[in-house]
Amino acid sequence: MTTPAAEVVLEAEGLTKHFPVRKRGRAALSREVRVVHAVDDVDLRLLRGQVTSLVGESGSGKSTVARLLAQLYPRTSGDIRLHGEPTPLATARGGRRFRAYCRRVQLIFQDPFASLNPVHNVEYHLTRALRIHGRAGQGKEQLRAALANLLDRVQLTPADRYLSKYPHELSGGQRQRVAIARALAADPEALLADEPVSMLDVSIRLGVLNLLRDLKERLNLAILYITHDIASARYFADTVLVMYAGRMVEGGDSETVTQRPAHPYTRLLVESAPDPDRLTSEAGSLGEAGGAGEAGTAGGVGGAGAPVPGGEPPSLISPPAGCRFHPRCPFVMDKCRTELPPRLQVGDTGEHWAACWLFEGVAA
Ligand code: SF4
């Protein structure tokens, strides 16, 4: 018996965002138009009842992807489809179409303190969200029940203890739970969580991640979990996508990508994450795949003793030609400097891929 394919809630294809660079001084006289290549040609799909994690270091473009999906930024090119229905390149913020989209796709920000207005209490924040999305009910009793229900969903009970509190009276974890409750007030289908635990104490991160997992299961939400911490992606996500310098470089189910990373950049992330369960021997087995490729480096990608790449991410105003990782890659070949690697299959499952020339012809 085959399991039915999960329903695609939100998908992006060829998603691209270039920010123009403001000219100063003499440069203002030049006709040259310079842009920051924040996001280039990103494809992703969020499935109902599943968590997709977007992993990468600061400046890799992952938060820009979340804002593009939330329609907070107009995209330069590419498509965004909600249940297969295309969305326009730019949507007027605050318009009817934008509000209808927001009802179904909600964004949770990294800093729960900045995302809540300090002069209003929890009741105000949640009531406002319920009213905006037409879910406040009729009369005080229904509103009270809706507020209690929201706080119950994020495990802030009894509701009466929290409704009158102001953001400064709550802990970081409680503030993030209020921000999540506010997002749930819209009854969304997709939740875009932009580093939702990175500003919280380590001791309470797990509680918030467990809450998001519980919501995914109970409400069948499609969740995009953005993080720079690949270990938390392994714990929480079903699928992991890795971004580097504005481009996707690897993707697959979370266990495979985090335990047997293929792309040299993912390997860098995994090597730098504290993960006591890491099976280094499994990661080493990837060397066999890489060794069969053009590189022919001893051990290939991830082989025992393979060098871990260092260095800095490139400028996104003039990103490197070919593979953007090539200035840092210990396996760089001539081709990497000029030709952009496509998504190439890794292994034989068909779901694990890497944009790296080392895997050209390997899966076949
Ligand atoms: Fe390294 Fe080349 Fe692969 Fe890029 S395409 S990660 S430079 S081997």
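Predicted model, so just to flag it, every value in this text is computed and none were measured.
Around the CZ atom of Arg45, the shell of radius 6.0 Å holds no more than 12 heavy atoms that belong to other residues, nucleotides or ligands. Atom CD of Glu85 sits in a sparse spot, with 12 or fewer heavy atoms from other residues, nucleotides or ligands closer than 6.0 Å. Remark: Arg67 CZ is packed, more than 12 non-hydrogen atoms of other residues, nucleotides or ligands lying under 6.0 Å away. With a 6.0 Å radius and a threshold of 12 heavy atoms from other residues, nucleotides or ligands, Asp41 has its CG atom above the threshold.
Ionic pairing of Glu351 and Arg343 is not present here: no N-O contact between side-chain nitrogen and carboxylate oxygen is shorter than 4.0 angstrom. For Asp238 and Lys216, the salt-bridge test passes: some basic side-chain N is under 4.0 Å from an acidic carboxylate O. Under a 4.0 Å N-O distance rule, the pair Glu360/Lys335 qualifies as a salt bridge. Looking at Arg81 and Glu13, a side-chain N of the basic residue comes within less than 4.0 Å of a carboxylate O on the acidic one, giving a salt bridge.
Between the side chain of Lys17 and the backbone N or O of Arg75 there is no donor-acceptor pair closer than 3.5 Å. Formation of a donor-acceptor pair under 3.5 Å by the Gln174 side chain with backbone atoms of Ser171 is found in this model. The backbone N or O of Cys323 sits less than 3.5 Å from a side-chain atom of His326, completing a donor-acceptor pair. Judged by distance alone, the side chain of Arg34 and the main-chain N or O of Pro20 form no donor-acceptor pair under 3.5 Å. Checked by atom type and distance alone, the side chain of Arg99 never pairs as donor or acceptor with a backbone atom of His133 at under 3.5 Å. Judged by distance alone, with hydrogens and angles left aside, the side-chain atoms of His352 form no donor-acceptor pair with the main-chain N or O of Asp253 at under 3.5 Å. Distance alone, capped at 3.5 Å, is enough to place a donor-acceptor pair between the Glu250 side chain and the His263 backbone. Checked by atom type and distance alone, the side chain of Thr76 pairs as donor or acceptor with a backbone atom of His18 at under 3.5 Å. The backbone N or O of Ala186 lies less than 3.5 Å from no partner atom in the side chain of Arg103, so there is not a single donor-acceptor pair.
Residues Tyr101 and Arg96 form no side-chain contact, since every pair of their non-hydrogen atoms from C-beta on lies 4.5 Å or further apart. Within the 4.5 Å cutoff, no side-chain heavy atoms of Gln110 are placed close to those of Ile226. In this structure, the side chains of Asn149 and Arg153 come closer than 4.5 Å at one or more pairs of heavy atoms. Side chains of Val249 and Arg324 form no contact here, defined as non-hydrogen atoms less than 4.5 Å apart. Side chains of Leu191 and Tyr225 form no contact here, defined as non-hydrogen atoms less than 4.5 Å apart. Between Pro118 and Tyr166 there is no side-chain heavy-atom pair separated by less than 4.5 Å. Counting heavy atoms from C-beta on, the side chains of Arg328 and Pro313 come closer than 4.5 Å. With contacts defined as side-chain heavy-atom distances shorter than 4.5 Å, the pair Leu269/Val242 qualifies.
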Discussion item. Please determine whether salt bridge (Lys or Arg N to Asp or Glu O under 4.0 Å) holds for the pair Lys62 and Glu57, giving the CA-CA distance in whole Å, both sets of side-chain angles, and the decisive distance to 0.1 Å.
Written reply: CA-CA 9 Å; Lys62 52 195 193 310; Glu57 59 200 345; over 6 Å; no

Practice prompt. Apply salt bridge (Lys or Arg N to Asp or Glu O under 4.0 Å) to Arg205 and Asp229, showing your working.
Written response: CA-CA 12 Å; Arg205 286 181 187 177; Asp229 174 15; 5.2 Å; no

Item to complete: Assess whether salt bridge (Lys or Arg N to Asp or Glu O under 4.0 Å) is satisfied between Glu255 and Arg260, documenting all intermediate values.
Response: CA-CA 8 Å; Glu255 196 65 15; Arg260 288 180 290 154; over 6 Å; no

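Test Leu46, Leu107, Ile108 against Leu224 for side-chain contact (heavy atoms from CB on, under 4.5 Å) and you get one pass: Leu46. Only one option out of Leu268, Val270, Val346 pairs with Pro261 in a side-chain contact (heavy atoms from CB on, under 4.5 Å); it is Val270.
Counted by atom type alone, Ser63 and Asp194 present one or more donor-acceptor pairs between their side chains at under 3.5 Å.
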